[in-house]
Amino acid sequence: MSRRYITTAIPYVNSKPHLGFAMELVQADVIARHWRQRGHQVRFLTGTDDNSLKNALAAEAEGIPTRELVDRNAQTFHDLRGPLMLSFDDFIRTSADPRHQVGVDRLWKATEESGDLYRKHYEGLYCIGCEQFYAEDELRDGLCPEHHTRPQLVSEENWFFKLSRYEDQLRDLIESGRLRVEPASRRNEVLGFIRTGLQDFSISRSVERARGWGIPVPGDDDQVIYVWWDALGNYITALDYGTDGPHYRDWWVNSEDRTHVIGKGIVRFHAVYWPAMLLSAGVSLPSTIFVHDYLTVDGKKLGKSLGNAIDPTAIIDEYGADALRWWLLRDVPRVGDADFTTDRLIGRYHEDLANGLGNLINRTVSMIHKYRDGRVPDVVEPWRANKLTAAIDQAPGAIDSALERFDFRQATAALWQIVDEANRYVVEVEPWTLAKAEKAGDEVAGRRLSDTLGLLLQTCRVAANELTPFLPDAAARAIAQVSPLAERLPQPEPLFPRIET
RNA sequence: GGGGCGGUAGCUCAGCUGGUUAGAGCAGGGGACUCAUAAUCCCUGGGUCGCGGGUUCGAGCCCCGCCCGCCCUACCA
């Protein structure tokens, strides 16, 4: 039994969450639940990044105080918990949690004491959407390549962090795998970036430019801390790093695994800046950074700033959380962007959930009612079940190794080996034929009927159990369906009703 | 400009260190069965594995060039 810590990125709260962030939350949730199921102690953190200038500007645009906008929108992120069936243990808000500010202060001072902070005049083109500076030639027609907006010319004196100092260490850490970046293509991308040479970066803004919003630089009232600097800190400030609390020691310093789940757009912050900050502060590093790609919807890019964001709760309201979680896990490849359409969502739901597992459980429970009055038969000797038992034996290990690689699609496929094999098994053994023979006085057939029905029920239990990290709610319903009450199974009821269109 | 990742059956994707007739799921076609949510099970795919060369006894998997998509990166005039 070991302690493991997993986090998502914390999104800006300038608007409501979209489907892409729902995917990240679900992915992290599956890993967290899987770890718990395999007996580890787990802490799962998510939260919101409140201190962004874009939040302040969004509030200005709405004509409300920043605090009000941030509180309101942060709530919508937190509210995903129920609909998406998330199991996070903690939710941090960088503007509202005292532990965050205390932790950021400590982190700042620790890097200062290492001699890694200095003041410098800087002039550059800053994109508020990205919260980062761009070189002129990185722009497309003078516009930010991500947001297609004109960056503003900023000229002021800021604090800088000596990132350049950590170039060799970072390269060694990533090359050696002590800091694991998955998938490998992302790791190579990061190494490529490091090899071109690391430059110190600005880690503060003037209070005026920040609209007075953000965390003050310790000992410098004219500056607030660069939003990325404080945001990255959330992974440890949430653990009371600031007060050196027990959570920090348990879940960061002494944990076996510290995994960050992030999207491809913020790899550099997590695989370069963040580890360097930690090295400077004398704090241990994360062990793994898993990078997912993006979602498109109906073939189009998805983005809050691009105006076609899709609300995950709307999908859940219409098709259910099982359908959405399942699509995100079962249909999204590990590498490459995936396109979301409602047709694909419904297709996956029907094929796998309704026709596959749902039908398997339904037919199994129905037969036990029909032939055994709802009483669960003992399995004396499994009959013609080699393939089925092999599938049952192999699935958990296959799921483990797939999730070790963050390959959700392969993990769910491994689980479905059981379901598919069980549906074949039903046709193979023809319980209805055995039932007729039994009725005609064939005791051997009767014995075999009990064995096969008992085995099928056991199979359903295994499948339901392994399904828990992926679809916790459906798995619980499935387990209830195959668990006797007063010696009898509940009446069969479709677990996954078909979606009428 | 350099680098990376993709380009495999109508669709979505697997193909480990190169090796018998290139796979899965879905869709389509045919059949079986009846326990079940018009579900399930079986059979059915002859696809220039982006294009063109090369290495090899043998390449989807290696090398070279090119085309398309996405991404990272760069002080061309």
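Quick note on labels: first sequence line is chain A, next is B, and so on, each numbered from 1.
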Nucleotide B:rC11, atom C1' - distance to CZ of A:Arg348 in whole Å: 12 Å
I need the single residue from A:Phe201, A:Trp228, A:Phe193 that forms a ring-ring contact (aromatic ring centres under 6.0 Å, His included) with A:Phe269. Which is it? A:Trp228
Which part of the nucleic acid does A:Asn355 contact within heavy-atom distance under 4.0 Å: base, sugar-phosphate only, or nothing? sugar-phosphate
Please give, in whole Å, the distance from B:rU37 C1' to A:Arg477 CZ? 13 Å
When rounded to the nearest Å, what value does the distance between P atoms of B:rC49 and B:rG7 take? 13 Å
Find the partner of B:rC13: check Watson-Crick (N1-N3 plus N6-O4 or O6-N4) and G-U wobble (N1-O2, O6-N3) distances, both under 3.5 Å, and reply none if neither fits. B:rG23
Figure out the CZ/P separation between A:Phe269 and B:rC72, and round it to whole Å. 12 Å
From CD of A:Glu430 over to P of B:rC35, roughly how many Å is that when rounded to an integer? 11 Å
If pairing means Watson-Crick or G-U wobble with both distances under 3.5 Å, then the partner of B:rC5 is B:rG69
Just name whichever nucleotide pairs with B:rU34, Watson-Crick or G-U, keeping both distances under 3.5 Å, else none. none
With A:Arg334 as the cation and A:Phe290 as the aromatic partner, state whether NZ or CZ is under 6.0 Å from the six-membered ring centre and within 45° of the axis. no
Distance between P atoms of B:rG60 and B:rG23 (Å, rounded): 13 Å
Can you measure A:Arg330 atom CZ to B:rA14 atom C1' for me and round it to whole angstrom units? 11 Å
Sugar-phosphate only, base, or nothing, as touched by A:Leu495 at under 4.0 Å among non-hydrogen atoms: base
